[in-house]
Amino acid sequence: MLPRSFYHRSTTTVARDLLGKILVHEQNGGRIAGMIIETEAYVGETDLACHAKAGRTKRTAQMYGQPGFAYVYFTYGMHWLFNCVTEDEGFPAAVLVRGVKPLDGIDIIAARRKPIARPQWTNGPGKLCKAFGIHGAHHGTDLCAPNSNLFIEDNDPISDFSVTTSPRVGLNTVPEPWKSMPWRWLVTSNIAR
DNA sequence: GCGACGATGGGCT
DNA sequence: GCCCATCGTCGCA
(Lines give C-alpha, C1' and ligand atoms only; values in the text may rest on other atoms or scores of the structure.)
Protein backbone atom coordinates (compact mmCIF):
# COMPACT_ATOMS: atom_id res chain seq x y z
CA MET A 1 0.00 0.00 0.00
CA LEU A 2 1.42 3.38 -0.98
CA PRO A 3 2.06 5.59 2.09
CA ARG A 4 0.56 9.05 2.53
CA SER A 5 3.97 10.55 1.73
CA PHE A 6 3.58 9.27 -1.85
CA TYR A 7 0.52 11.50 -2.33
CA HIS A 8 1.98 14.40 -0.32
CA ARG A 9 3.99 15.74 -3.29
CA SER A 10 3.34 17.92 -6.33
CA THR A 11 0.29 16.67 -8.22
CA THR A 12 2.09 16.33 -11.54
CA THR A 13 4.77 14.17 -9.90
CA VAL A 14 2.14 11.96 -8.28
CA ALA A 15 0.26 11.62 -11.59
CA ARG A 16 3.47 10.54 -13.35
CA ASP A 17 4.52 8.13 -10.60
CA LEU A 18 1.08 6.49 -10.33
CA LEU A 19 1.68 4.93 -13.76
CA GLY A 20 2.43 1.24 -13.22
CA LYS A 21 1.06 1.17 -9.66
CA ILE A 22 -1.75 -1.25 -8.80
CA LEU A 23 -5.26 -0.01 -7.98
CA VAL A 24 -6.93 -2.52 -5.66
CA HIS A 25 -10.52 -2.89 -4.48
CA GLU A 26 -11.29 -5.74 -2.09
CA GLN A 27 -14.98 -6.47 -1.68
CA ASN A 28 -16.97 -9.51 -0.58
CA GLY A 29 -13.71 -11.37 -0.07
CA GLY A 30 -12.77 -10.86 -3.72
CA ARG A 31 -9.86 -8.83 -5.04
CA ILE A 32 -10.13 -6.60 -8.10
CA ALA A 33 -6.81 -5.14 -9.22
CA GLY A 34 -5.42 -3.32 -12.23
CA MET A 35 -2.23 -1.54 -13.30
CA ILE A 36 -2.71 2.21 -13.71
CA ILE A 37 -1.90 3.18 -17.30
CA GLU A 38 -3.45 6.66 -17.63
CA THR A 39 -3.76 9.64 -15.25
CA GLU A 40 -4.46 13.39 -15.25
CA ALA A 41 -3.45 16.13 -12.78
CA TYR A 42 -5.84 18.84 -11.51
CA VAL A 43 -3.96 21.49 -9.58
CA GLY A 44 -5.51 24.12 -7.36
CA GLU A 45 -7.98 26.98 -7.68
CA THR A 46 -5.92 28.71 -10.36
CA ASP A 47 -6.20 25.68 -12.69
CA LEU A 48 -9.41 26.55 -14.53
CA ALA A 49 -9.92 22.90 -15.49
CA CYS A 50 -9.99 21.88 -11.81
CA HIS A 51 -13.32 21.65 -9.99
CA ALA A 52 -11.78 23.73 -7.21
CA LYS A 53 -11.62 26.77 -9.51
CA ALA A 54 -14.90 27.90 -7.89
CA GLY A 55 -13.43 27.54 -4.42
CA ARG A 56 -14.42 25.24 -1.60
CA THR A 57 -17.92 23.78 -1.93
CA LYS A 58 -19.59 20.71 -0.49
CA ARG A 59 -18.50 18.75 -3.55
CA THR A 60 -14.88 19.95 -3.72
CA ALA A 61 -14.19 19.99 0.03
CA GLN A 62 -12.49 16.61 -0.17
CA MET A 63 -9.82 18.04 -2.50
CA TYR A 64 -8.87 20.48 0.27
CA GLY A 65 -8.33 17.64 2.73
CA GLN A 66 -5.32 15.47 3.51
CA PRO A 67 -3.49 13.76 0.64
CA GLY A 68 -4.12 10.05 0.12
CA PHE A 69 -7.91 10.22 0.30
CA ALA A 70 -10.36 9.38 -2.51
CA TYR A 71 -12.22 12.16 -4.32
CA VAL A 72 -15.06 10.41 -6.15
CA TYR A 73 -17.68 12.40 -8.03
CA PHE A 74 -20.66 11.84 -10.31
CA THR A 75 -20.94 13.41 -13.77
CA TYR A 76 -23.00 13.36 -16.97
CA GLY A 77 -25.88 11.92 -15.01
CA MET A 78 -24.44 8.40 -15.04
CA HIS A 79 -20.70 8.13 -14.44
CA TRP A 80 -18.52 8.00 -11.31
CA LEU A 81 -14.90 9.20 -11.58
CA PHE A 82 -12.11 8.25 -9.16
CA ASN A 83 -9.36 10.66 -8.05
CA CYS A 84 -6.58 10.62 -5.41
CA VAL A 85 -6.17 13.80 -3.33
CA THR A 86 -2.61 15.20 -3.40
CA GLU A 87 -0.40 17.94 -1.89
CA ASP A 88 -0.74 19.81 1.41
CA GLU A 89 -3.97 19.77 3.37
CA GLY A 90 -5.71 23.03 2.46
CA PHE A 91 -4.44 23.04 -1.15
CA PRO A 92 -7.08 21.57 -3.51
CA ALA A 93 -5.52 19.13 -5.98
CA ALA A 94 -6.03 15.56 -7.16
CA VAL A 95 -5.06 12.97 -9.76
CA LEU A 96 -7.80 11.47 -11.94
CA VAL A 97 -7.24 7.78 -12.76
CA ARG A 98 -8.36 7.40 -16.37
CA GLY A 99 -7.28 3.88 -17.30
CA VAL A 100 -6.07 0.59 -15.84
CA LYS A 101 -5.02 -2.82 -17.16
CA PRO A 102 -7.05 -5.56 -15.41
CA LEU A 103 -4.91 -8.01 -13.41
CA ASP A 104 -7.08 -9.68 -10.74
CA GLY A 105 -10.82 -10.22 -10.47
CA ILE A 106 -11.19 -10.65 -14.21
CA ASP A 107 -14.42 -12.61 -13.85
CA ILE A 108 -16.01 -9.87 -11.71
CA ILE A 109 -14.90 -7.16 -14.14
CA ALA A 110 -16.19 -9.16 -17.09
CA ALA A 111 -19.58 -9.65 -15.46
CA ARG A 112 -19.93 -5.91 -14.74
CA ARG A 113 -18.79 -4.82 -18.20
CA LYS A 114 -20.69 -7.37 -20.26
CA PRO A 115 -21.26 -7.40 -23.20
CA ILE A 116 -18.41 -4.99 -23.95
CA ALA A 117 -15.17 -6.42 -25.43
CA ARG A 118 -12.16 -6.76 -23.09
CA PRO A 119 -10.05 -3.87 -24.46
CA GLN A 120 -12.88 -1.49 -23.52
CA TRP A 121 -13.41 -2.83 -19.99
CA THR A 122 -11.31 -0.25 -18.11
CA ASN A 123 -9.94 2.21 -20.72
CA GLY A 124 -11.83 5.24 -19.40
CA PRO A 125 -12.46 6.87 -16.00
CA GLY A 126 -16.16 6.03 -15.94
CA LYS A 127 -15.56 2.54 -17.27
CA LEU A 128 -12.97 1.56 -14.66
CA CYS A 129 -15.19 2.80 -11.83
CA LYS A 130 -18.02 0.60 -13.07
CA ALA A 131 -15.65 -2.36 -13.52
CA PHE A 132 -14.14 -1.91 -10.02
CA GLY A 133 -17.44 -1.12 -8.31
CA ILE A 134 -16.23 2.35 -7.24
CA HIS A 135 -19.02 4.90 -6.59
CA GLY A 136 -20.17 7.66 -4.27
CA ALA A 137 -19.84 5.55 -1.14
CA HIS A 138 -16.06 5.59 -1.69
CA HIS A 139 -15.86 9.41 -1.70
CA GLY A 140 -13.62 10.36 1.22
CA THR A 141 -12.12 6.89 1.67
CA ASP A 142 -8.62 6.94 3.20
CA LEU A 143 -6.48 5.08 0.65
CA CYS A 144 -3.68 4.83 3.26
CA ALA A 145 -5.65 3.37 6.19
CA PRO A 146 -4.33 -0.08 7.20
CA ASN A 147 -7.81 -1.61 6.98
CA SER A 148 -8.91 0.16 3.79
CA ASN A 149 -10.42 -2.07 1.09
CA LEU A 150 -9.65 0.54 -1.57
CA PHE A 151 -5.96 1.39 -1.98
CA ILE A 152 -2.98 1.50 -4.35
CA GLU A 153 -0.05 -0.92 -4.20
CA ASP A 154 3.54 -0.10 -5.10
CA ASN A 155 5.03 -1.69 -8.22
CA ASP A 156 8.07 -1.30 -10.45
CA PRO A 157 8.38 2.23 -11.92
CA ILE A 158 7.57 2.78 -15.60
CA SER A 159 10.49 4.05 -17.70
CA ASP A 160 10.21 7.47 -19.35
CA PHE A 161 10.62 5.66 -22.67
CA SER A 162 7.22 4.04 -22.10
CA VAL A 163 5.39 7.22 -21.06
CA THR A 164 3.64 9.85 -23.19
CA THR A 165 2.01 13.12 -22.11
CA SER A 166 -0.79 15.08 -23.76
CA PRO A 167 -3.34 17.76 -22.93
CA ARG A 168 -6.14 16.67 -20.61
CA VAL A 169 -9.31 15.22 -22.13
CA GLY A 170 -12.78 16.72 -22.34
CA LEU A 171 -11.93 20.33 -21.41
CA ASN A 172 -13.98 21.83 -24.23
CA THR A 173 -14.80 25.15 -22.60
CA VAL A 174 -11.65 25.60 -20.48
CA PRO A 175 -9.56 28.68 -21.42
CA GLU A 176 -5.88 28.59 -22.30
CA PRO A 177 -3.29 27.92 -21.07
CA TRP A 178 -5.08 25.37 -18.89
CA LYS A 179 -6.77 23.61 -21.79
CA SER A 180 -3.41 22.73 -23.33
CA MET A 181 -1.30 21.99 -20.26
CA PRO A 182 0.34 18.55 -20.82
CA TRP A 183 -1.05 17.12 -17.61
CA ARG A 184 -2.21 13.75 -18.94
CA TRP A 185 0.14 10.78 -18.63
CA LEU A 186 -0.18 7.47 -20.51
CA VAL A 187 1.78 4.20 -20.59
CA THR A 188 2.31 3.58 -24.30
CA SER A 189 4.48 0.44 -24.29
CA ASN A 190 2.94 -3.01 -24.73
CA ILE A 191 2.93 -3.60 -20.96
CA ALA A 192 -0.25 -1.53 -21.01
CA ARG A 193 -1.90 -4.35 -22.93
C1' DG B 1 -12.63 3.37 -38.62
C1' DC B 2 -14.82 7.72 -37.40
C1' DG B 3 -17.73 11.79 -36.24
C1' DA B 4 -22.21 13.15 -34.32
C1' DC B 5 -25.28 12.92 -30.69
C1' DG B 6 -28.44 11.58 -26.92
C1' DA B 7 -28.77 9.87 -22.17
C1' DT B 8 -29.33 11.70 -17.51
C1' DG B 9 -28.83 14.05 -12.85
C1' DG B 10 -25.97 16.72 -9.48
C1' DG B 11 -23.71 21.15 -8.88
C1' DC B 12 -23.59 25.77 -9.27
C1' DT B 13 -25.05 30.78 -10.91
C1' DG C 1 -31.39 26.65 -16.49
C1' DC C 2 -26.98 25.61 -18.05
C1' DC C 3 -22.86 23.02 -17.65
C1' DC C 4 -20.29 19.07 -17.51
C1' DA C 5 -12.68 15.69 -15.98
C1' DT C 6 -18.26 10.38 -20.23
C1' DC C 7 -19.99 6.46 -22.71
C1' DG C 8 -22.27 3.72 -26.14
C1' DT C 9 -24.74 3.72 -30.32
C1' DC C 10 -25.88 5.20 -34.69
C1' DG C 11 -25.04 6.32 -39.51
C1' DC C 12 -21.80 6.37 -43.00
C1' DA C 13 -17.46 4.91 -45.43
Side-chain angles (χ1 to χ4, degrees), chain A residues 7 10-19 21 23 34 36-65 67-87 91-102 109-141 143 150 152 163-188 193:
Chain A
Y7 303 96
S10 84
T11 308
T12 51
T13 300
V14 176
R16 165 63 181 82
D17 286 357
L18 275 175
L19 295 178
K21 306 305 187 207
L23 176 64
I36 296 172
I37 58 173
E38 182 177 346
T39 60
E40 284 179 0
Y42 290 88
V43 189
E45 295 175 352
T46 57
D47 173 7
L48 295 184
C50 182
H51 288 160
K53 66 176 183 287
R56 189 192 295 250
T57 65
K58 183 178 180 185
R59 179 205 203 188
T60 62
Q62 190 63 231
M63 270 201 286
Y64 289 78
F69 282 69
Y71 169 52
V72 181
Y73 72 93
F74 185 70
T75 192
Y76 292 108
M78 59 188 91
H79 300 296
W80 294 99
L81 275 66
F82 170 76
N83 303 250
C84 309
V85 175
T86 59
E87 310 214 23
F91 183 86
V95 173
L96 170 68
V97 178
R98 289 189 56 88
V100 305
K101 170 188 176 180
I109 293 173
R112 287 181 175 151
R113 296 289 295 136
K114 243 178 335 198
I116 307 297
R118 180 163 183 156
Q120 280 85 250
W121 281 353
T122 54
N123 66 335
K127 299 178 192 181
L128 76 87
C129 281
K130 182 172 184 190
F132 274 60
I134 297 172
H135 51 85
H138 299 97
H139 182 60
T141 295
L143 305 173
L150 180 63
I152 299 176
V163 174
T164 302
T165 61
S166 86
R168 293 169 290 182
V169 172
L171 310 184
N172 302 306
T173 63
V174 174
E176 300 290 359
W178 309 110
K179 184 174 182 174
S180 297
M181 295 299 279
W183 285 352
R184 178 191 186 202
W185 285 261
L186 306 98
V187 179
T188 46
R193 298 193 290 273

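Per chain, numbering begins at 1; letters A, B, ... match sequence-line order.
Contacts of A/Arg168 with the nucleic acid, taken as non-hydrogen atoms under 4.0 Å apart, are absent. Counting non-hydrogen atoms under 4.0 angstrom, A/Arg184 reaches nothing in the nucleic acid. Residue A/Leu96 is classed as a base contact, given a heavy-atom separation below 4.0 Å to a base.
Among B/dC12, C/dC7, C/dT6, the nucleotide with an atom closest to any side-chain atom of A/Val169 is C/dT6. Comparing C/dA5, C/dG8, C/dC4 by their closest approach to the side chain of A/Leu81 singles out C/dA5. Among the nucleotides C/dC4, C/dA5, C/dG8, the one closest to the side chain of A/Thr173 is C/dC4.
A/Arg168 places a side-chain heavy atom less than 4.5 Å from the side chain of A/Asp47.
If you take OH of A/Tyr42 and C1' of C/dA5, they are 4 Å apart, rounded to a whole angstrom. Nucleotide C/dG8 holds its C1' atom 10 Å from the NZ atom of A/Lys130, rounded to whole Å.
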Which dot-bracket string fits DNA chain B when only Watson-Crick or G-U wobble pairs with both atom distances under 3.5 Å count, crossing pairs get [ ], and | stands for a partner on a different strand? |||||||.||||.

Output one letter per nucleotide in nucleotides 4-9 of chain B: B when a protein non-hydrogen atom lies under 4.0 Å from the base, S when only the sugar-phosphate is that close, - when neither is. ---BBB

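If A/Ala52 and A/Ile116 are placed on DNA chain C by their nearest nucleotide, the residue sitting closer to the 5' end is A/Ala52.
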